[in-house]
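Here's the structure we're looking at; comments come further down.
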Amino acid sequence: MKNKNENRISEGIGGGLYTAVALFGGYIVNTFYIALLYTGKGIVKLLKMLWMITDRFRKWLMTWLKRFGLFICRPFISLIRYIMLSVREAKAEKKKIQKKSGVLSSVSFIGKLLFGKKGIAVLIFNFIIPAISVFFLFSVITYASSINYAVKLTVNGKFLGYIENEQVFLDAKEVLQDRINYLGGNVDIEAVPSYSVEQIGYGDTLTKYQITDLILQNSGVSLDYGYGFYINDVFYGALMDFSKVKTTLESLLEKYETDNDSEQINFVDNIRYDEAGLYLTESIIDEDWLIGVLTGTKKMPTYYTTVEGDSHIGIANKTGLSTEELERLNPGFSENDIHIGEHIKTGEEVPFLSISTTRTEVYTIENVPYDTETVDDPNIYVGSSREKQKGQYGENRVTANVTYVNGIETGREITQVVSVVKPVTEIIAIGSKPTPAGTFIEGTVAYGKIMYPFKQGMGEITQWAHWDGGYSGHKGIDIAGIPYGEPVYAGASGIVTDVVFSQYGLGNHIVIYHEELGISTVYGHNSSIFVKEGQRISQGECIAGAGSTGWSSGIHVHFAVMVNGVSVNPRNYLDIPSWVPIHLV
């Protein structure tokens, strides 16, 4: 019975939910229908209004369309009317022409149809004559526009042809000088021009190369056809065939090709072949000789310009040289620091044809510097600081267009920098708490000894290290009989290598390395610490406040000495003043 009631309840709930969903759907449909209905009515009203507003415009447009249509169709309408009129006249006069023969009747009808006042011939004539007139006018204009005036060129009293302007001859003279002033050549050809303007109709004008060939032909020197070869506009000579030279140049470029689709490889020098033309016979050069020159070297020192992140090994990898070779070319290279923008010599000679390669490279820069911020901390004594948040280097992905000459980088244009790992800012807490009295103490100690860590009259030795009879495992000297927070002073100058905050072992303790003595000192069980790792401190500087942290039975300082990380008997190093009482427990 219970299960049946539960089923009924479930059915009731389900049925009610179904009804609610159906009613909601009907509401949505009705709303959409009403919105669509009113939208449609609005569009109809808008169209009616536009129709009424444009009534005058539509009438005007229809009137002009009718007029234009009548203008176009008027000749054809007249022809049709004339044909119909001729047919009616033929019927009306049928009786009159019955006496005439059928042939004459047909001829008369056809004649009127073709040559009557509104006949087909008249209609065609009315259309053809204007078309012929337009064609004739177009022909006259075309002919007038085709009339060409050019400069008649005469050189050394001999007519050569027509040119567009005087500049063409000046350009041709430069080409002529290039051809005769080859390396080692000494030829001079005189070319004195004279000009006059003439009408040449459809005649062609000469190019600078054609003029050059004509001047050479008229100079009386021995000539051959060839291809001029130039480097930086210096004429090296003419080649009868430059296919092998072209192949050699292409192979020089191919040596620097990689799989990078963005790379652009070009010769640093401007190399060009002139088009085939006449050259002095003595300027014709051997192709193999030219190939030997192009693939050789020339004396010229080369340099690499350093960029951010460069190192001695990195420069060696980039230049393909060993550090020994770089040292030979740059004395002191291995010892000197690397500075951005510095020129590092990489060679004494370069290829005769230097090759420039520019490609887009994507690389990662690690150790991106982090920022350092400082905050005041009232819990740290003035003059002390503590690292609140450790700084972490970032990592950037850099996209740059890098240029190489003969495989050595000469330029780098950074186009995009994306931060892959953002640097973490280092936060240093600067103490603002007033320092305790007696921040420094002065004192003299024996050579090679460590100064007693408390001011005069303070403290007593209560425990030796196990070497001198202390309990087993005790590696330091315990100095007690001091109040809580009593300043603890550094026994010698040095660098703080460890600062540990702990509730176990030595508790809050400090390790200082003394370079001059070659030892490290340890100060344990402190209540507070006033220095940080890496800080350089002076002898007699306050470094902590005495306490009882860690495994301690009372307020005291555990003083220990280590050599190369190994604990030694501190009694051999601590200069214990004579006034310090010894009360061993």
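Just so it is clear, the structure is predicted and the values come from calculations on it, not from any experiment. What you see below is based on every heavy atom in this structure, not just the backbone, and it leaves out hydrogens, waters and symmetry mates.
Counting heavy atoms from C-beta on, the side chains of Phe333 and Ile338 come closer than 4.5 Å. Between Val568 and Ile519 there is no side-chain heavy-atom pair separated by less than 4.5 Å. Contact of the Thr360 side chain with the Thr399 side chain is registered, since non-hydrogen atoms from C-beta on lie closer than 4.5 Å. Considering only heavy atoms from C-beta on, His509 stays 4.5 Å or farther from His525 through its side chain. In this structure, the side chains of Val293 and Phe352 come closer than 4.5 Å at one or more pairs of heavy atoms. Looking only at side-chain heavy atoms (C-beta outward), Lys246 and Glu250 come within less than 4.5 Å of each other. In this structure, the side chains of Val424 and Gln389 come closer than 4.5 Å at one or more pairs of heavy atoms. Between Thr212 and Thr207, every side-chain heavy-atom pair lies at or beyond the 4.5 Å cut-off.
Counting only N and O atoms by type, the side chains of Asn260 and Ser262 include a donor and acceptor under 3.5 Å apart. For the 3.5 Å distance criterion, the side chains of Gln539 and Ser493 fail to qualify, holding no donor opposite an acceptor. Side-chain atoms of Lys318 and Tyr304 include a donor-acceptor pair closer than 3.5 Å. Side-chain contact of Thr372 with Tyr370: a donor-acceptor pair under 3.5 Å is absent, judged by distance alone. Judged purely by distance below 3.5 Å, without hydrogens or angles, the side chains of Asn270 and Asn232 never pair a donor atom with an acceptor atom. A donor-acceptor contact closer than 3.5 angstrom is absent between the side chains of Thr410 and Thr403. Ser354 and Asn406 share a side-chain donor-acceptor pair at under 3.5 Å. Inspection of the Thr521 and His514 side chains reveals an N or O donor paired with an N or O acceptor under 3.5 Å.
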Carefully, step by step, assess Ile512 and Val531 under the rule side-chain contact (heavy atoms from CB on, under 4.5 Å). CA-CA 10 Å; Ile512 302 174; Val531 294; over 6 Å; no
Audit row: Thr425, Glu373, side-chain hydrogen bond (donor to acceptor under 3.5 Å, both in side chains) steps and yes/no: CA-CA 7 Å; Thr425 300; Glu373 296 181 359; 4.7 Å; no
side-chain contact (heavy atoms from CB on, under 4.5 Å) evaluation trace for His466 with Tyr471: CA-CA 5 Å; His466 70 86; Tyr471 63 84; over 6 Å; no
Could you walk me through whether Asn569 and Asp468 pass the side-chain contact (heavy atoms from CB on, under 4.5 Å) test, one step at a time? CA-CA 8 Å; Asn569 190 348; Asp468 291 318; 3.1 Å; yes
Walk me through whether Asp498 and Ile510 qualify under side-chain contact (heavy atoms from CB on, under 4.5 Å). CA-CA 6 Å; Asp498 286 289; Ile510 303 169; over 6 Å; no
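Minimum interatomic distance between Tyr484 and Ser527 (heavy atoms only, all atoms of both residues): OH-CB, 3.1 Å. Here the closest non-hydrogen pair linking Lys475 and Pro570 is O-CD, 3.7 Å. Here the closest heavy-atom approach between residue Val496 and residue Lys532 is recorded as CB-O, 3.3 Å. Taking both residues in full, the closest heavy atoms of Thr346 and Tyr303 are given as OG1-N, 3.7 Å, listed atom of the first, atom of the second, then distance. The two residues Ala480 and Thr462 make their nearest non-hydrogen contact at CB-CG2, 3.6 Å. Closest of all the heavy-atom pairs between Ala490 and Ile537 is CB-CD1, 3.5 Å.
Annotation: ring-ring contact (aromatic ring centres under 6.0 Å, His included) contacts of Tyr230 (sequence neighbours excluded): Phe235. Applying the ring-ring contact (aromatic ring centres under 6.0 Å, His included) criterion to Tyr227, with sequence neighbours excluded, gives Phe242. The side chain to side chain contact (heavy atoms under 4.5 Å, CB included) test applied to Ser472 returns no partner, not counting sequence neighbours. Not counting sequence neighbours, the partners of Glu263 by the salt bridge (Lys or Arg N to Asp or Glu O under 4.0 Å) test are Arg359.
Counting non-hydrogen atoms of neighbouring residues, nucleotides and ligands closer than 6.0 angstrom, the CD atom of Glu335 reaches no more than 12 such neighbours. More than 12 heavy atoms of other residues, nucleotides or ligands shown are found within 6.0 angstrom of CD on Gln167. In Arg397, the CZ atom is not crowded: 12 or fewer heavy atoms of neighbouring residues, nucleotides or ligands sit closer than 6.0 Å. The 12-atom threshold is exceeded at NZ of Lys449, counting heavy atoms of other residues, nucleotides or ligands nearer than 6.0 Å. Counting heavy-atom neighbours within 6.0 Å of Tyr363 OH, excluding the residue itself, gives a total above 12.
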Per-pair distances, 0.1 Å, donor-acceptor, side chain in residues 548-566, under 3.5 Å, sequence neighbours excluded:
unit_1 : atom_1 : unit_2 : atom_2 : d
Ser548 : OG     : Ser552 : OG     : 2.8
Ser548 : OG     : Gly554 : O      : 3.1
Thr549 : OG1    : Asn508 : N      : 2.9
Thr549 : OG1    : Asn526 : O      : 3.0
Ser552 : OG     : Gly554 : N      : 3.3
Ser552 : OG     : Gly554 : O      : 2.7
Ser552 : OG     : His556 : ND1    : 3.3
His556 : ND1    : Gly554 : O      : 2.8
His558 : ND1    : His474 : NE2    : 3.4
His558 : ND1    : Asp478 : OD1    : 3.3

Below 3.5 Å, can you tabulate the donor-acceptor pairs from side chains in residues 575-585 to any protein atom, sequence neighbours excluded?
unit_1 : atom_1 : unit_2 : atom_2 : d
Asp575 : OD2    : Ala446 : N      : 3.0
His583 : ND1    : Glu460 : OE1    : 2.8

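The CD1 atom of Ile408 sits 6.5 Å away from atom OG1 of Thr319, with the distance rounded to the nearest 0.5 Å. Between atom CG of residue Leu294 and atom CD1 of residue Ile271 there is a gap of 6.5 Å, rounded to the nearest 0.5 Å. In this structure, CD in Glu325 is found 14.0 Å from NZ in Lys345, a value given to the nearest 0.5 Å. In this structure, CD in Gln392 is found 12.0 Å from CG in Asn367, a value given to the nearest 0.5 Å. In this structure, the separation between CG on Leu321 and CG on Asn330 is 9.5 Å, given to the nearest 0.5 Å. Rounding to the nearest 0.5 Å gives a distance of 4.0 Å between CD1 of Ile344 and CD of Glu342.
Remark: side-chain polar atoms of Asn336 are paired, donor with acceptor, to backbone N or O of Gly332 under 3.5 angstrom. For Asp171 (side chain) and Val168 (main-chain N/O), no donor-acceptor pair under 3.5 Å exists by modelled atom type. A donor-acceptor pair under 3.5 Å links the side-chain atoms of Asp286 to the main chain of Asp288, judged by distance alone. Judged by distance alone, with hydrogens and angles left aside, the side-chain atoms of Thr497 form a donor-acceptor pair with the main-chain N or O of Val511 at under 3.5 Å.
Under the side-chain contact (heavy atoms from CB on, under 4.5 Å) rule, Tyr523 has a single partner from Val488, Ile479, Leu506, which is Val488.
Judged by the 6.0 Å distance and 45° axis criteria, Arg571 is positioned over the aromatic ring of Trp464.
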